[in-house]
Amino acid sequence: MALKKFPGFIDVHVHLREPGATHKEDFATGSRAAVAGGFTFVIDMPNNPEPTVTLARLEEKVRLADAKAVCDIGFHYGTDGRNAATFAKAAAHPRVFGLKVYLNHTTGDLLIEDISALTEIFRRWPAGKPILVHAEGVQLAAAIALARLYRQRLHVCHISQAVEVELVRQAKARRQAITAGVCPHHLFLTGAARETHGSRAIMKPPLGTDRDQAALWEGLGDGTIDIVETDHAPHTKREKQADPPPYGVPGLETAVGLLFSAVHDGKLSESDVVRLLHDRPREIFAIPGQEATFVELDPQAPYRVGPPYASKCDWSPFEGWQAYGRPRRVRLRGKIVRG
Ligand code: NCD
Ligand code: ZN
Ligand code: ZN
């Protein structure tokens, strides 16, 4: 077995659920899932039951994370359309990496549907750190237009439809400051998985068609899509059995192994993986360097995805899949945090 050293991977899109939904995940279990998956820096989303839309809630998250996490954690600030007065301080906060805006219904209640509220958000967020959007289909066209009008850097979260890849490609061709992230579940699954996985294949944005999936791989190939982000969105097994089930799937522990399976299949190179999960996320979100931080794994060694998982939710939509390159040892600033 030939272990190779990779930089600590970065996931700019996770939901670690603390505070407010720690029966699903918390900063201890979520960060253990991160390092088990080879990530040493993750950025937590603001859609907690009490969303991260005030500076006090932001500071509370910083405190909770610092008390428990085994990897580095950053935060995206949230908006309910009424907190623009706090934007300047939030944007200047060293632990904040962007503003997250929800243009579609998903877990939590940060949805902004009103065009005036949306415009005000794009007008008031201080330029510099990106605005990240959950924006599906026509909502993405609106976000791209607003970002252009108000000269905001836009990051498109979990791009999933062929038409969205086309919109981002055209915006880039016109030199707009736009980047996009894709999730492993949209790359490796299609809506057909709802037959086999039931509610464990339900997330927002939903799994797409074969054509959407092909467009995502094409977008990775031609540089339209900049990064892979997991959108780690744990819910308990029991919650997923409810009708309707909550949206979301865990992803921190399987992303790296799935990407190395794409390397094995000749769809990506090892340096693509490092670019998608480290170099570009770091550039886009200006993430500080982590000294003496490495993941050791054998990218050619197959393994089977299965329990036990470090994530509190204890399941994966990829259970039973063959993946490659299970992280064997993770070092953060010289200290072994896994292995
Ligand atoms: C996310 C969650 O559960 O927090 N769910 C999901 O299906 N992706 C929210 C989100 O990212 O939209
Ligand atoms: Zn989302
Ligand atoms: Zn998300």
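The residues of the chain are indexed from 1 along the displayed sequence.
The backbone N or O of D272 sits less than 3.5 Å from a side-chain atom of S269, completing a donor-acceptor pair. No donor-acceptor distance shorter than 3.5 angstrom exists from the side chain of N83 to the backbone of T86, with no hydrogens or angles considered. Of the possible donor and acceptor atoms, one in the side chain of H186 sits under 3.5 Å from a partner among the backbone N and O of P205. Between the T107 side chain and the Y247 main chain, a donor and an acceptor come within less than 3.5 Å of each other. Here the side chain of E164 pairs a donor or acceptor atom with the backbone of G137 at under 3.5 angstrom. Between the E253 side chain and the S311 main chain, a donor and an acceptor come within less than 3.5 Å of each other.
Aromatic ring orientation, Y77 versus W125: parallel (interplanar angle below 30°, classes split at 30° and 60°). Ring geometry for F9 against F39 counts as perpendicular: the plane angle is over 60°, on a 0 to 90° scale with 30° as the lower cut.
Using a 4.5 Å heavy-atom cutoff, the side chains of M45 and L132 are in contact. Counting heavy atoms from C-beta on, the side chains of D72 and T293 never come closer than 4.5 Å. Residues M203 and H158 are not in side-chain contact: their nearest non-hydrogen atoms beyond the backbone lie 4.5 Å or more apart. Under the 4.5 Å side-chain criterion, counting only non-hydrogen atoms from C-beta, Y150 is not in contact with R124. Taking 4.5 Å as the limit, every side-chain heavy atom of R329 sits out of range of all side-chain heavy atoms of L3. Using a 4.5 Å heavy-atom cutoff, the side chains of Y303 and D298 are not in contact. The closest side-chain heavy-atom distance from V305 to L258 is not below 4.5 Å. The closest side-chain heavy-atom distance from P184 to V228 is below 4.5 Å.
The CD atom of E239 sits 10.0 Å away from the SG atom of C313 when rounded to the nearest 0.5 Å. Atoms CG and OG, on L268 and S261 in that order, are 9.0 Å from each other to the nearest 0.5 Å. Once rounded to the nearest 0.5 Å, the distance linking CG of L189 with CZ of R200 reads 13.5 Å. Here the OG1-CG distance, from T52 to N47, works out to 8.0 Å after rounding to the nearest 0.5 Å. Taking CD1 from I10 and CG from L276, the interatomic distance works out to 12.0 Å, rounded to the nearest 0.5 Å. Taken from CG in L297 to NZ in K5, the straight-line distance is 12.5 Å, to the nearest 0.5 Å.
Hydrophobic clustering (ILVMFWY, side-chain heavy atoms < 4.5 Å, transitive): L154 and V182 are in one cluster. I43 and V70 fall into different hydrophobic clusters, where Ile, Leu, Val, Met, Phe, Trp and Tyr residues are linked whenever their side-chain heavy atoms come under 4.5 Å apart, directly or through other members. In the hydrophobic clustering of this structure, V101 groups with I178; members are Ile, Leu, Val, Met, Phe, Trp, Tyr whose side-chain heavy atoms approach within less than 4.5 Å, directly or through other members. By the criterion of side-chain heavy atoms lying less than 4.5 angstrom apart, applied directly or through intervening Ile, Leu, Val, Met, Phe, Trp or Tyr residues, V263 is grouped together with L216 in one hydrophobic cluster. When hydrophobic clusters are built by joining Ile, Leu, Val, Met, Phe, Trp and Tyr residues whose side-chain heavy atoms come closer than 4.5 Å, directly or via intermediates, L64 is grouped together with I73.
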Let me see the working for D314 and K237 under salt bridge (Lys or Arg N to Asp or Glu O under 4.0 Å), right down to the final yes or no.
CA-CA 8 Å; D314 198 34; K237 293 174 185 175; 3.6 Å; yes

Evaluate the side chain to side chain contact (heavy atoms under 4.5 Å, CB included) criterion for residues L259 and V256: first the C-alpha distance (whole Å), next the side-chain angles of each, then the deciding distance (0.1 Å), finally the verdict.
CA-CA 5 Å; L259 289 195; V256 166; 5.9 Å; no

Show your working on side chain to side chain contact (heavy atoms under 4.5 Å, CB included) between L140 and Q161 and close with a plain yes or no.
CA-CA 11 Å; L140 179 57; Q161 297 178 35; over 6 Å; no

In sequence, state the C-alpha distance, the side-chain angles, and the governing distance for R282 and H278, and then conclude on side chain to side chain contact (heavy atoms under 4.5 Å, CB included).
CA-CA 6 Å; R282 194 155 153 203; H278 177 269; 3.5 Å; yes

Pair D80, R82 - check salt bridge (Lys or Arg N to Asp or Glu O under 4.0 Å), show working.
CA-CA 5 Å; D80 54 8; R82 294 185 297 270; 3.6 Å; yes

Go through the steps to decide whether D11 and E229 satisfy the test side chain to side chain contact (heavy atoms under 4.5 Å, CB included), and finish with yes or no.
CA-CA 5 Å; D11 186 355; E229 57 192 46; 3.9 Å; yes

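In this structure K204 satisfies the salt bridge (Lys or Arg N to Asp or Glu O under 4.0 Å) test together with E136, sequence neighbours excluded. Checked against salt bridge (Lys or Arg N to Asp or Glu O under 4.0 Å), E113 has no partners two or more places apart in sequence or in another chain. Annotation: salt bridge (Lys or Arg N to Asp or Glu O under 4.0 Å) contacts of E166 (sequence neighbours excluded): R169.
E283 CD: more than 12 foreign heavy atoms inside a 6.0 Å radius. Counting heavy-atom neighbours within 6.0 Å of Q322 CD, excluding the residue itself, gives a total above 12.
Summarising the geometry of L252 relative to V14, their closest heavy-atom pair is CD2-CG1, 3.8 Å, with the distance given to 0.1 Å. Between G8 and T40, the shortest heavy-atom distance links the atoms CA-OG1, 3.2 Å. Taking every heavy atom of both residues into account, V295 and P7 meet most closely at CG2-O, 3.9 Å. When all heavy atoms are compared, the tightest approach of T224 to V165 is CG2-O, 3.5 Å. Closest non-hydrogen pair, G223 versus K172, comes out as O-NZ, 3.0 Å. Closest heavy-atom contact between I284 and P130: O-CG, 3.9 Å.
Using a 4.0 Å cut-off between charged side-chain N and carboxylate O, R95 and D66 make a salt bridge.
Screening H232, R17, R32 for a side-chain hydrogen bond (donor to acceptor under 3.5 Å, both in side chains) involving E25 leaves a single residue, H232. Of the options K61, K100, R57, a salt bridge (charged side-chain N to carboxylate O under 4.0 Å, His left out) to D44 is made by K61 and by none of the others. Paired with F97 under the rule ring pair (Phe, Tyr, Trp, His ring centres under 6.0 Å), one option of F75, F285, F41 passes, and it is F41.
With no hydrogens or angles considered, no side-chain donor-acceptor pair links T190 and Q213 at under 3.5 Å. Between the side chains of D231 and H15, at least one donor-acceptor pair of N or O atoms lies under 3.5 Å. When only modelled atom types and interatomic distance are considered, E18 and T22 share no side-chain donor-acceptor pair under 3.5 Å.
A cation-pi arrangement is absent between K240 and W315, since the terminal nitrogen or guanidinium carbon is not both under 6.0 Å from the aromatic centre and inside a 45° cone about the axis.
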